[in-house]
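In what follows, a single structure is set out as structure tokens and then discussed.
Counting begins at 1 with the first residue of the sequence. Everything quoted here is computed from the prediction, not taken from an experiment.
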Amino acid sequence: MRRREFCQQIGSAIGLYAFSRRGYALPITGQDPALPRKAHEALVRAVRFFDEQVSVEGGYVWAYSEDLRFREGEGPASPSTAWVQPPGSPSVGMALLNAFRLTKEPVCLQAATRTAHALVKGQLVSGGWDYRIEFSPDLRRNYRYRQPPSGGEKARNLSTLDDNTTQSALQFLIEFDRTTGMADKEVHEAVLYGLNSLLAVQRPNGGWPQRFSEPPRPESYPDVPASYPVDGPRQWPGRPYYDCYTLNDNAHNDALKTVLLAWRVYGDERYRVAAQRAAEFLLKAQMPDPQPAWAQQYDAQMHPCWARKFEPPAISGGESQGVLRALILAFHELEESRFLDPLPRALAYLERSLLPDGKLARFYELKTNRPLYFTQDYQLTYSDADLPTHYAFKVDNDIGSIRQLYERARRTGPQPLGKKEAPSPALSPDLVRSAEQVVRQLDEQGRWVEKGSLKTIGKDQTGNRIITTRTFIKNIGILAQYLAAVRKE
């Protein structure tokens, strides 16, 4: 059966139908009476263009030249390459799925289905995803994909949790599985395989490595609390760090959210236990005084350790704030008050560590708490006078809002998000204006073209006009919210 026909059958089976034109006919005060119809037509045209002209087998990268000859994710991409790392294929797929949920427009589900199957084709034998998926048979042999064509045992089989890559793929596929009533057996099987792999590589203390190819040997990862190393190298040792427990870029927190979502959708107790263990890891990873916060990464002995040459063993002002939010989430979802216990000490420490400009340093030296920086030739220093520009060595201070979330949690008790219904979009003048602008900016081909250039290729080859997944995601979200609000009115 063709996937398009399969998708249409799903829509019929669960009673989801497109908006009728008559449903858009009601005038809204201060609005062009034809705007609902125009918004619906724009949504359909934009989704069809992205699905039929931009995607490769339903997969997407980050940005495209206006003529679609050149494309890129974090790196250059061939015409047969899709990107997983957000804002790649899972991000586009989730936007399409959300648009379908809001509008019941079958075109959105058809496109989301193709994206789901693109991700299934990119799943590795190790259970997760690499940053990119190759669809060319020749390039696919470099990877050990679960679906043929695929390489042999020596082909690349390294799943990554970096940059929300594997987690975002699983989250989209879980949501797709829920929306379609788990009727797509191929997607459902891939989700369960991926979740089983994620649970299998969780370490004895509840942490995850940044990347994985097989389950760990438990004896190599003692379940001990975080502590300061007796002596550590002041210079980057140059060895791989992918096996380290990684909080950088919210890798651990995104994995925690993934197993929480799986528990809400499937009700399997194993996922709740995995989420509980992941939250317990964050308790264990809190450093002792005088710096009761968190490092970006830890070695097997739970000592802060080096990652890349500009990521030293240190307390991290950025990742510590992410951990605090994750602990508040765990308190609500798992309904256990102990996950709030680290917050008072950590918040007080971060407030004491503010820089003169009110920001936080990305790195604070262990025990001394002096802010650490790097020169442009990557020499560790206490001065911020010669910083590299590719990395944020100072981060925003979000302590106030985190403290508010903490105090509200203490006041209200657990409020599990999974037990709440998402609020319906409300029609407002701002939403109407945004929808008008999005409709106006869409060209006849169904494209939102904007000024810019591909970073990995250059303006001399691509010009200064591009198409991006970020803009597509944002704009179909606006159109879908607007159409849902109109229908509700």
Query raised in the report: So E175 and R178, salt bridge (charged side-chain N to carboxylate O under 4.0 Å, His left out) or not? Walk me through it.
Result: CA-CA 5 Å; E175 292 288 5; R178 169 158 61 179; 2.9 Å; yes

Query raised in the report: Would R156 count as a cation-pi partner of Y143, with NZ or CZ less than 6.0 Å from the six-membered ring centre and within 45° of the ring normal?
Result: no

Query raised in the report: Is the Y64 to F70 ring centre distance short of 6.0 Å?
Result: no

Report summary line: On a heavy-atom basis, the closest approach of A293 and Y298 is O-OH, 4.5 Å

Report summary line: D249 and D254 have their tightest heavy-atom pair at O-OD2, 3.9 Å

Query raised in the report: How close do L442 and A46 get, heavy atom to heavy atom, and via which atoms?
Result: CD1-CB, 4.1 Å

Query raised in the report: Is there a donor-acceptor contact under 3.5 Å from the side chain of Y364 to the main chain of S353?
Result: yes

Query raised in the report: More than 12 heavy atoms of other residues, nucleotides or ligands under 6.0 Å from CD of E407: is that the case?
Result: yes

Query - Between D299 and Y241, a side-chain donor and acceptor under 3.5 Å - result: no

Requested in this report: Carefully, step by step, assess F310 and F374 under the rule ring-ring contact (aromatic ring centres under 6.0 Å, His included).
Outcome: CA-CA 7 Å; F310 47 85; F374 283 85; 7.2 Å; no

**Report entry** Sidechain-backbone polar pair: Q321 side chain, G317 backbone, donor-acceptor under 3.5 Å
**Finding:** yes

Query - Salt-bridge contact R362-E311 (side-chain N to carboxylate O under 4.0 Å) - result: no

Query - Derivation and outcome, salt bridge (charged side-chain N to carboxylate O under 4.0 Å, His left out), residues R264 and E333 - result: CA-CA 9 Å; R264 289 198 296 267; E333 294 300 300; 2.9 Å; yes

Query raised in the report: Can you check salt bridge (charged side-chain N to carboxylate O under 4.0 Å, His left out) on R433 and D430, steps first, answer last?
Result: CA-CA 5 Å; R433 282 192 293 270; D430 284 345; 2.3 Å; yes

Query raised in the report: Is the Lys NZ or Arg CZ of R203 less than 6.0 Å from the centre of Y221's six-membered ring, within 45° of the axis?
Result: yes

Query raised in the report: Between the main-chain N or O of C305 and the side-chain N or O of Q297, is there a donor-acceptor pair closer than 3.5 Å?
Result: yes

Query raised in the report: If you round to the nearest 0.5 Å, how far is CG of L158 from CZ of F212?
Result: 8.5 Å

**Report entry** Min side-chain heavy-atom separation T165-S159 under 4.5 Å
**Finding:** no

**Report entry** Derivation of the side-chain contact (heavy atoms from CB on, under 4.5 Å) call for V191 and Y266
**Finding:** CA-CA 11 Å; V191 170; Y266 301 114; 3.3 Å; yes

Query - Atom of L431, atom of Y482 and distance for their closest heavy-atom approach - result: CD2-CA, 3.8 Å

Query raised in the report: Please walk me through it: do K121 and E134 pass salt bridge (charged side-chain N to carboxylate O under 4.0 Å, His left out)?
Result: CA-CA 9 Å; K121 290 178 183 176; E134 299 294 352; over 6 Å; no

Query raised in the report: Looking only at heavy atoms, which two atoms of P86 and N164 are closest? And how far apart?
Result: CD-O, 3.6 Å

Query raised in the report: To the nearest 0.5 Å, how far apart are CD in Q123 and CG in L170?
Result: 7.0 Å

Query raised in the report: Minimum heavy-atom separation for P371 to Y382, with atom names?
Result: O-CD2, 3.6 Å

Report task. Evaluate the side-chain contact (heavy atoms from CB on, under 4.5 Å) criterion for residues L124 and D130: first the C-alpha distance (whole Å), next the side-chain angles of each, then the deciding distance (0.1 Å), finally the verdict. Result -> CA-CA 8 Å; L124 296 166; D130 191 18; 4.3 Å; yes

Query - Side-chain donor-acceptor pair present, H303, S227, cut-off under 3.5 Å - result: yes

Query raised in the report: Between the side chains of T258 and Q167, is a donor N or O closer than 3.5 angstrom to an acceptor N or O?
Result: no

Query raised in the report: Where the side chain of W294 meets the backbone of M287, is there a donor-acceptor pair that is under 3.5 Å apart?
Result: no

Query raised in the report: Looking at K367, R345, R352, which hits salt bridge (Lys or Arg N to Asp or Glu O under 4.0 Å) with D289?
Result: R345

Query raised in the report: Is the shortest distance from a Lys or Arg side-chain nitrogen in E74 or R132 to a carboxylate oxygen in the other one below 4.0 Å?
Result: no

Requested in this report: In sequence, state the C-alpha distance, the side-chain angles, and the governing distance for F50 and Y60, and then conclude on ring-ring contact (aromatic ring centres under 6.0 Å, His included).
Outcome: CA-CA 9 Å; F50 238 60; Y60 301 88; 5.4 Å; yes

Query - Candidate pair I466 and E66, rule side-chain contact (heavy atoms from CB on, under 4.5 Å), full reasoning - result: CA-CA 5 Å; I466 58 174; E66 183 179 10; over 6 Å; no

Query raised in the report: Taking 4.0 angstrom as the limit, do K359 and D357 come out as a salt bridge?
Result: no

